[in-house]
Amino acid sequence: MMDSIASAAMSMSAAQFSVQYATALERKAMDTMEMAAQELLNMLPDVPRGQFIDTYA
């Protein structure tokens with residue numbers, strides 16, 4: 001009985017660690033993608049007001 005409770009607690013702890021690890025990896029990946037998108041936006045030329053970028057060309 002005690003072995004099964006301890007085993008279940010260890011399994012839950014391992015699962016919780018796994019979820020926290022995966023969440024941290026996803027957060028890091030999202031931060032990296034956000035920085036890359038910001039750099040791409042910084043590379044775009046400035047467009048004067050009243051003019052638009054032709055997205056169909």
Side-chain angles (χ1 to χ4, degrees):
M1 177 80 175
M2 292 299 256
D3 288 337
S4 62
I5 294 173
S7 178
M10 288 179 64
S11 294
M12 288 178 63
S13 178
Q16 184 180 17
F17 175 77
S18 177
V19 169
Q20 289 174 345
Y21 184 77
T23 303
L25 284 177
E26 289 294 324
R27 186 173 293 132
K28 182 67 175 172
M30 288 174 57
D31 289 344
T32 302
M33 285 187 257
E34 182 181 4
M35 288 188 332
Q38 287 175 353
E39 288 300 318
L40 286 173
L41 289 174
N42 289 338
M43 291 170 40
L44 288 175
D46 290 334
V47 178
R49 287 189 172 196
Q51 294 183 356
F52 301 96
I53 298 174
D54 183 9
T55 58
Y56 293 102

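Please read these numbers as outputs of a predicted model, since none were measured by experiment. FYI, side chains are in, hydrogens and waters are out, and symmetry mates aren't considered; it's all heavy atoms of this structure.
With Ser11 contributing its side chain and Ser7 its backbone, the two residues share a donor-acceptor pair below 3.5 Å. Checked by atom type and distance alone, the side chain of Thr32 pairs as donor or acceptor with a backbone atom of Lys28 at under 3.5 Å.
Residues satisfying the side-chain contact (heavy atoms from CB on, under 4.5 Å) test with Gln38, not counting sequence neighbours, are Glu34. Partners of Thr23 under the side-chain contact (heavy atoms from CB on, under 4.5 Å) rule, at least two apart in sequence or in another chain, are Val19, Arg27.
By the 4.5 Å side-chain criterion applied to Ile, Leu, Val, Met, Phe, Trp and Tyr, Leu44 is assigned to a cluster that also includes Leu41.
Heavy atoms of other residues, nucleotides or ligands lying less than 6.0 angstrom from CD of Glu26 number 12 at most.
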